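Worksheet: the structure to be examined is printed underneath.
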Amino acid sequence: MPSQTDVQKLNTHYHTLVAKSPVILEKLEIVDKIAKTDSSVLILGESGVGKELFAEQIHLRSPRAKKPFIRVNCAAIPEGLLESELFGHVKGAFTSAVANRQGRFELANGGTIFLDEIADIPLPLQAKLLRVIQKKTFEKVGSDISITVNVRILAATNKDIETLVEKGEFRNDLYYRLNVLPIYVPPLRQRQEDIPELAHFFLKKFMAETKKQIEGFSNEAMETMLSYSWPGNIRELENCVERACVIGKKPWIQREDLFLKITASSEQDEGNRNLKTAINTFKAHFIRKVLEENNWNQTESAKALDIQRTYLSRLIKELNIINTKE
Ligand SMILES: Nc1ncnc2c1ncn2[C@@H]1O[C@H](COP(=O)(O)OP(=O)(O)OP(=O)(O)O)[C@@H](O)[C@H]1O
Ligand SMILES: [Mg+2]
């Protein structure tokens, strides 16, 4: 049985959520509101978008913040063990059950349980889970004594769960129950404003880990990151910065250190972006280039662009144009 310190250890590992784009800031406002309730939340979005970090934020901004936050990756636990992992078992319930064991729901009592990759829960267990959500009670494997817990349930998946429901692979009653408060975390390509912020955040982290001194990203490197489509989302960006940090030799990370291929597929993704973002991305690229040509002198750059200097400095702020040489 895990001790109290084990629970605390499970508890402490929270991540920093970097957010700059209006779309994510808006989502965080929603998180603030739903954090106050006890309703179940279903977090949806592509792989690597930060669903787990959103789950952490819902817990941390809730009245349960000081209580346990228990993570369960339903896809990583073998099917036969998942029930006992979630609900615990009594001694002798099955061959390897040599002692009574608490499940994650009991460990999460008073706090929050995060069921990651929820779409991978086998159908029979889905029924048991539905009952926990509705009645907050369950039985350990091998026991008929009902246990009542006070646990808030958060779940996440990157699968198209509606299609799974249609195919009968996911119970629709459980889906409707979880989907009371859905949160969709958009892919990175739809929130380019987060790219420079995240890239610098990861660079700082890996510089500390590798004890390497890097000044930042060259303009070309930043432009490449901004125009890439990031199919693996933030996880891919994180890996990309780590790799660049390890192999980059120059004080500035160069485009070639990133190993990003701007292929036709990333151009196809333009279709997924809205016009405003596309225009802003182009504007940012264009202005950065002119600034670079004029040594970041704003008066000269404004002249070259044929706009007012004050307007240029507002654009620099609004479009988050960072002087990586500074
Ligand atoms: N906003 C963010 N700020 C900082 N780091 C982030 C942010 N979003 C995601 N990350 C980092 O990116 C990686 C992927 O995030 P996470 O594991 O939450 O993705 P996910 O949506 O759960 O993906 P999957 O569906 O593959 O499980 C993690 O290392 C996480 O720390
Ligand atoms: Mg995840």
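Indexing begins at 1, ligand by ligand and atom by atom, following the structure's order. As the structure is a computational prediction, the values presented were derived from the model and not from experiment.
- Ring geometry, Phe105 versus Phe87: the interplanar angle falls under 30°, so the pair is classed parallel (tilted spans 30 to 60°).
- For atom 26 (O) of ligand 1, the closest heavy atom belonging to the protein is Ser47 OG, 2.6 Å.
- The nearest heavy-atom contact from the protein to atom 19 (O) of ligand 1 is Gly50 N, 3.2 Å.
- If you check which protein heavy atom lies closest to atom 4 (C) of ligand 1, you get Thr16 O, 3.2 Å.
- Comment: Lys289 does not engage Glu292 in a salt bridge, judged by the lack of any side-chain N to carboxylate O separation of less than 4.0 angstrom.
- Within the listing of ligand 1, atoms 2 (C), 3 (N), 4 (C) sit less than 4.0 angstrom from a heavy atom of Leu198.
- Here the protein heavy atom with the shortest distance to atom 25 (O) of ligand 1 is Lys51 NZ, 2.6 Å.
- The closest approach between a heavy atom of Gly48 and any atom of ligand 1 is below 4.0 Å.
- Ligand-side atoms of ligand 1 in range of Glu117: 27 (O), range being under 4.0 angstrom from any heavy atom.
- The residue from Leu53, Leu188, Asn233 that puts a heavy atom closest to atom 7 (C) of ligand 1 is Leu53.
- In terms of N/O distances under 3.5 Å, ligand 1 is not approached by Arg191.
- Distances below 4.0 Å separate heavy atoms of Leu17 from the following atoms of ligand 1: 1 (N), 3 (N).
- For an aromatic pair to be called close, the ring centres must be under 6.0 Å apart, and Tyr175 with Phe170 fails this.
- Inspection of the Thr112 and Arg152 side chains reveals no N or O donor paired with an N or O acceptor under 3.5 Å.
- A donor and an acceptor atom, one from each side chain of Glu193 and Asn320, are nowhere located under 3.5 Å apart.
- When ring centroids are compared, His200 and Phe217 come within the 6.0 Å threshold.
- The contact set between ligand 1 and Asn158, taken as ligand atoms under 4.0 Å from a residue heavy atom, comprises 24 (P), 25 (O), 26 (O).
- Taking atom 22 (O) of ligand 1 as the reference point, the nearest protein heavy-atom neighbour is Glu52 N, 3.5 Å.
- Taking each heavy atom of Leu188 and Asn233 in turn, the nearest pair found is N-OD1, 2.8 Å.
- In terms of protein heavy-atom proximity, atom 8 (N) of ligand 1 is nearest to Ile234 CD1, 3.4 Å.
- Proximity annotation for atom 31 (O) of ligand 1: of Glu197, His15, Arg235, Glu236, His15 comes nearest, heavy atoms only.
- With rounding to the nearest 0.5 Å, the separation of NZ in Lys51 from OG1 in Thr157 is 7.0 Å.
- Of all protein heavy atoms, the one lying nearest to atom 13 (C) of ligand 1 is Glu238 OE1, 3.6 Å.
- What sits closest to atom 1 (N) of ligand 1 on the protein, heavy atoms only, is Val18 O, 2.9 Å.
- Between the side chains of Tyr228 and Glu236, at least one donor-acceptor pair of N or O atoms lies under 3.5 Å.
- Electrostatic pairing of Glu242 and Lys205 does not count as a salt bridge here, judged by no charged N lying under 4.0 Å from a carboxylate O.
- For atom 5 (N) of ligand 1, the candidate residues are Phe202, Tyr14, Phe54; the nearest heavy-atom contact is made by Phe202.
- Taking NZ from Lys159 and CD1 from Ile161, the interatomic distance works out to 9.5 Å, rounded to the nearest 0.5 Å.
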